[in-house]
Amino acid sequence: MRRALLAVAAALAVSGASVGGYYLFLREPPPGPDPDRVAELEASESARGVEQAGALIDTTRDAYDELLPVVEGLDTALPADGSEPGEAPSGGEVDGWADAVDGVSEELSASPSGGTGYNVARGGMRSAVDLLGSSVEAYGAALEADGGGRERLEALASDLRTQAVRAWSVAATQLDAVALEAGHGHVHIYLPAAPGSGALAPDSAPEGSQAHGGQGGDGGEDGH
C-alpha cells in the first residue's frame, strides 16, 4: 500500500511539472528573429536593388541609342502629323532597323528579374520594343506591297510605332521612379513622340537631380 501511494505521488509530481512547464511555454513567446541578421538581410536586398536599378538604367540608355534611329526613320517615312513623308528607306535600311530592335529585345530579356517596380519598368520596355519590332515588320511588308495593301500596312506600321513610343514613355516614367528610389536621381530616357500621341513626358526635374533620395514628379503628355 505504501509503495502504491509513493508511485501515485511521484506521478502527480511529474504531471504537475509538465503542466507548469507547458503553462510557462504559453506565457513566454519563442524568441524572435535576430535583429542584426534582419538588418543584414535588408541591407543586402537594398544593395541588390540599387545595383539592378543601375544596370537597367545603363541597358535602357544603350537601348535608346539603338532605337532612336529606328523611331526617327519611321517618323520620316510615316509622319504622325499627317504631313508629307520623306524619302522612303531602302529594304536594307529597314532590315537594319529590325536587327537593332532584335538586339535590344535580347538585351532586355537577358536582364534579371527584381523587385516589383523594377520589373514593371523592365517589362514595359520589353513590351515597347516588341511593338516597335512589329511596326518595323509591317513597314517592311508595306514596301513590298502595292496600292491599297501598301496603304493599309503603312497605317498599321504607323499605329504600332505610336503605340511603341507611348508604351516606352510609361516604362521610362516607371524607370525614373525606380532610379529615384534606388538613389540614382532622376533618369529621363524618353523616345521622341509626336504631339497628341498620348505619350508621357519627363518631369521638369534636372537629369540626375535628387540622387541618394527624394521623390519624382508626375509626367505629362506629348513627351520627347
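From a predicted model like this one, the values you see are computed outputs, not experimental measurements.
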Exercise: identify the closest heavy-atom pair between [X] and [Y]:
X	Y	result
Trp168	Ala63	CH2-CB, 4.0 Å
Pro192	Leu68	CD-CD1, 3.5 Å
Ala121	Ala171	O-CB, 3.7 Å

Would you check if the side chain of [X] reaches a backbone N or O of [Y] as a donor-acceptor pair within less than 3.5 Å?
X	Y	value
Arg122	Ser111	yes
His212	His184	no
Gln174	Gly117	yes
Glu207	His188	yes
Asn119	Ser113	no
Thr59	Ala55	yes

Can [Y] be reached from [X] by stepping across I, L, V, M, F, W or Y side chains whose heavy atoms are under 4.5 Å apart?
X	Y	answer
Tyr64	Trp97	yes
Leu160	Leu67	no
Leu108	Val165	yes

To the nearest 0.5 angstrom, please state how far the CG atom of Asp176 sits from the CD atom of Gln210. 9.0 Å

To the nearest 0.5 Å, what is the distance between NE2 on His186 and OG on Ser209? 4.5 Å

Heavy-atom side-chain contact between [X] and [Y] under 4.5 Å:
X	Y	answer
Val178	Leu56	no
Thr173	Tyr190	yes
Ile189	Pro202	no

Extract all donor-acceptor atom pairs below 3.5 Å that involve side chains of residues 124-148 and protein atoms in other chains or at least two apart in sequence.
{"residue": "Arg126", "atom": "NH2", "partner": "Ser109", "partner atom": "OG", "Å": "3.4"}
{"residue": "Ser127", "atom": "OG", "partner": "Gly123", "partner atom": "O", "Å": "3.1"}
{"residue": "Ser134", "atom": "OG", "partner": "Asp130", "partner atom": "O", "Å": "3.2"}
{"residue": "Ser135", "atom": "OG", "partner": "Ala157", "partner atom": "O", "Å": "2.7"}

Is Arg61 atom CZ crowded by more than 12 heavy atoms from other residues, nucleotides or ligands, each under 6.0 Å away? yes

For a quick test of your reading: what N or O donor-acceptor pairs under 3.5 Å do the side chains of residues 73-81 make, sequence neighbours left out?
{"residue": "Asp75", "atom": "OD1", "partner": "Arg161", "partner atom": "NH1", "Å": "2.7"}
{"residue": "Thr76", "atom": "OG1", "partner": "Glu72", "partner atom": "O", "Å": "3.0"}
{"residue": "Asp81", "atom": "OD1", "partner": "Ser83", "partner atom": "N", "Å": "3.0"}
{"residue": "Asp81", "atom": "OD1", "partner": "Ser83", "partner atom": "OG", "Å": "2.7"}

Set of residues satisfying salt bridge (charged side-chain N to carboxylate O under 4.0 Å, His left out) with respect to Arg150, sequence neighbours excluded: Glu154

